[in-house]
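The structure appears below as structure tokens.
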There are 2 protein chains.
Amino acid sequence: MARRPTVYDVAERAGVSIATVSFAFAQPERVRKKTLDTVLAAAAALGYVPNVSARGLAKGRTGAIGLYSFSYLLDDGERDELRARAADDARLFPLYSDLVQRGVELECRRRGLALMLGSGTVPDDLPAVVDVAGRVDGLIAFAGAAPAEALARIARRIPVVELGGETTAAGTRTVLVDHRSGMRRLVEHLLREHGHRRFTYVGEESVTAEFAERFGGYSDALTAAGLAVDPPLPSAPAKEATTRAALAPVLARGHLPDVLVCATDQEALVVLNVLRDAGIDVPGQVAVTGFDGIIATRLSSPPLTTVQQPMEAIGRTAVRLLLEEETGEVGPLPTEPVIRASCGCLSSN
Amino acid sequence: MARRPTVYDVAERAGVSIATVSFAFAQPERVRKKTLDTVLAAAAALGYVPNVSARGLAKGRTGAIGLYSFSYLLDDGERDELRARAADDARLFPLYSDLVQRGVELECRRRGLALMLGSGTVPDDLPAVVDVAGRVDGLIAFAGAAPAEALARIARRIPVVELGGETTAAGTRTVLVDHRSGMRRLVEHLLREHGHRRFTYVGEESVTAEFAERFGGYSDALTAAGLAVDPPLPSAPAKEATTRAALAPVLARGHLPDVLVCATDQEALVVLNVLRDAGIDVPGQVAVTGFDGIIATRLSSPPLTTVQQPMEAIGRTAVRLLLEEETGEVGPLPTEPVIRASCGCLSSN
DNA sequence: GGCCGAAATCTAAGCGCTTAGATTTGGGTG
DNA sequence: CACCCAAATCTAAGCGCTTAGATTTCGGCC
């Protein structure tokens, strides 16, 4: 690879100073039209590609923002197994994070911002998130993706937005989403339209603020109906074995609840599979609901009743927060129950 | 925003040279454990975040790769209209490009590479693609996203992979995919299993190499069956009005072909809508097929018969080509007909 | 303590661009 | 031609990091 042409080469060829070359690219309104044409022609003839690292260093800004996530795909063995189930693509992609990312991408696109994607595959991967932060003017991080200590450090230098409805690190901001009332309304639908009385919750209830809100909304509705609230069955998204293990005692006791309310669509889809494998009819013997509104909920059998999160709007809002166009609290962005067949309704899908 | 701490601050606090600080982060095996701990502690205390622009400039490499695409969402008016149809999300996302991007993302993730996304929204947007190229060590570009002149310039400096089965610019490489035989096999299915004889092709046949291959495979099968090949109806993905206009004469003449073979799923989904609006039953009165295998083909009514592209594998392969782990020709990656209800088969979906 | 060799650390130069303030240029006016 | 003013261009300094080769340190041996 030959040495790349620099502003010095372009300047010499165009017969101007390197400052004029720089202005021609960065502030063309400060350069006379005739000079500008000469410079651009010289640059084209030389195949000049500005070195954005140099520009970023000199200018103190890069013009890019970062999005950092954490991948549950930890090793090749696990991924090979998932690939073997490629027929179930829609259960793996797009998920909540993919849809939020899309919102981020679309907003960046609209603004001509470059977007740097990075991720950690090891818990508490401080170097990975710091590496992304060193490349961008602002950072959006998914909940739980990066250690709070790292985010706090980064937030002292550039704006940071945490996705997940809470700020775990000093100096960061977050996008609020109304999980609580979305879940409450879903449970109210189950109570009122289907007359369900025996509820079981599947999923985390306190790991993040948003999971706590979901369980809170569930509890609110049951409490208001004078029903007791049982502790949830332990389960986690993307951990199918955990969800299966959590359901085993329910199946073993041969006495089903009216409905299994799941904390996420991913868990609900696993639950549907477990029930089908056990020969249990949904919603005939037990209803099942999810939360998030991913596309796979429309492909499942039966189509899954869920709560729709405004993922694209979350992504877009995060970008706006990052650029500090929004001051103060933003949101909560609303969620909306989506009624399909898995709760017992005859849905047109 | 206070001046950020640099290697000079860390060095002073740790009592070492800036070179030792640099080695501690970039080549820790060259630093004694005791010194390393001292440096990292000083960095943490100061909230030091390395400036990757500086590193990239000094080192001549950034450790990131770029993915460049072109967006058909050209103005706010158009996007507002699309947003109003949010219920049809799966028709907008994920598309072919989203799935290929996912393959790129997954491969980058696996390798600890940062991925820079950039896009142009104006045709022939040379500054936009050059900006991304100035930030990365290698660039992947979607077919038609960037002017060939820009790609040629960039390819003189860093490796460039063009998606789309052809190299439009000197010095670039491409991922080959077997569109031709996938489409041929689909048409053979229609001929043999359904006895169709009157075929109409909807879509571009020569704009890119891959579109030419699709039409070529279609033509191969018809020619081998002794049938004439009519010119395609002019249509383009993401240009719904064009597809609708192309179909108007077919509908007006009140004499349908046996089957409408579409160049892409996106076009096929528009065709399904047009036919439904006209009260025409698919596949009862006319069969419809697509190409790509996006998720929306499973949600359509009826589910769409199509040819599955290995989008994730395309993305992954592109990264490997870019890193020059693959020399010589790679592929073609295989495509595979996916038979559903829209051709007339009773599919389990 | 001195010597030796390897490991660890340091010095010096420079990567390519930006931009404040200095200098030059160009056009208009008398 | 001289003067003035605004626009255009240039000079000089420096952004924060990397690393080749020079220098120092450390540990082992006699």
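All of these numbers come straight from a predicted model, not from anything done at the bench. Naming convention: chains lettered A, B, ... in sequence-line order (proteins, then strands); numbering from 1 in each chain.
Comparing C:dT19, D:dT11, C:dC10 by their nearest atom to the side chain of A:Ser17 picks out D:dT11. Taking only side-chain atoms of B:Phe23, from C-beta outward, the nucleotide of C:dC10, D:dC17, D:dC10 with the closest atom is C:dC10. Closest to the side chain of A:Arg32, from the set D:dG14, D:dG16, D:dA8, is D:dA8.
In this structure, A:Thr317 contributes its side chain and A:Ala313 its backbone to a donor-acceptor pair below 3.5 Å. One N or O on the side chain of A:Glu162 and one on the backbone of A:Thr168 form a donor-acceptor pair closer than 3.5 Å.
In this structure, A:Lys34 atom NZ and D:dA8 atom C1' are separated by 13 Å, rounded to whole Å. Between the P atom of D:dT19 and the CZ atom of B:Arg61 lies a distance of 11 Å, rounded to the nearest Å. Regarding B:Gln27, its CD atom lies at a distance of 13 Å from the C1' atom of C:dA8, rounded to whole Å. Distance A:Asn51 CG to C:dG14 P: 18 Å, rounded to the nearest Å. With rounding to whole Å, B:Glu29 atom CD is found 13 Å from C:dA7 atom P. For the pair B:Lys33 NZ and D:dT25 P, the interatomic distance rounds to 23 Å; values are reported in whole Å. The CD-P distance, from B:Glu12 to C:dC10, rounds to 14 Å in whole Å. The interatomic distance linking A:Arg4 (CZ) with C:dC17 (P) rounds to 6 Å, in whole Å.
The CD1 atom of B:Ile314 sits 4.5 Å away from atom CD of B:Gln309, with the distance rounded to the nearest 0.5 Å. To the nearest 0.5 Å, atoms OH (A:Tyr48) and CZ (A:Arg4) are separated by 7.5 Å.
Contact annotation: A:Thr35 side-chain N/O to D:dA8 OP1/OP2 distance is not under 4.0 Å. Note on B:Thr20: a side-chain N or O is less than 4.0 Å away from OP1 or OP2 of C:dC10.
In this structure, B:Val52 reaches neither bases nor backbone, as no heavy-atom distance under 4.0 Å exists between it and the strands shown. Using a 4.0 Å heavy-atom distance criterion, B:Tyr48 is classed as a sugar-phosphate-only contact. At a threshold of 4.0 angstrom between heavy atoms, the contacts of A:Ser53 with the nucleic acid are absent.
Take the nearest nucleotide of DNA chain D for A:Val21 and for A:Ala58: the residue whose nucleotide is more 5' is A:Val21. The 5' end of DNA chain C is approached more closely, in terms of each residue's nearest nucleotide, by B:Val16 than by the other of B:Ala54 and B:Val16.
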When the side chains of residues 133-149 of chain B are checked against the rest of the protein, which donor-acceptor pairs come out under 3.5 Å, sequence neighbours left out?
| residue | atom | partner | partner atom | Å |
| --- | --- | --- | --- | --- |
| B:Arg135 | NE | B:Asp131 | OD2 | 3.1 |
| B:Arg135 | NH1 | A:Thr62 | O | 2.9 |
| B:Arg135 | NH2 | A:Thr62 | O | 2.8 |
| B:Arg135 | NH2 | B:Asp131 | OD2 | 3.1 |
| B:Asp137 | OD1 | B:Thr62 | N | 2.8 |
| B:Asp137 | OD1 | B:Thr62 | OG1 | 3.4 |
| B:Asp137 | OD2 | B:Thr62 | N | 3.2 |
| B:Asp137 | OD2 | B:Gly63 | N | 2.6 |

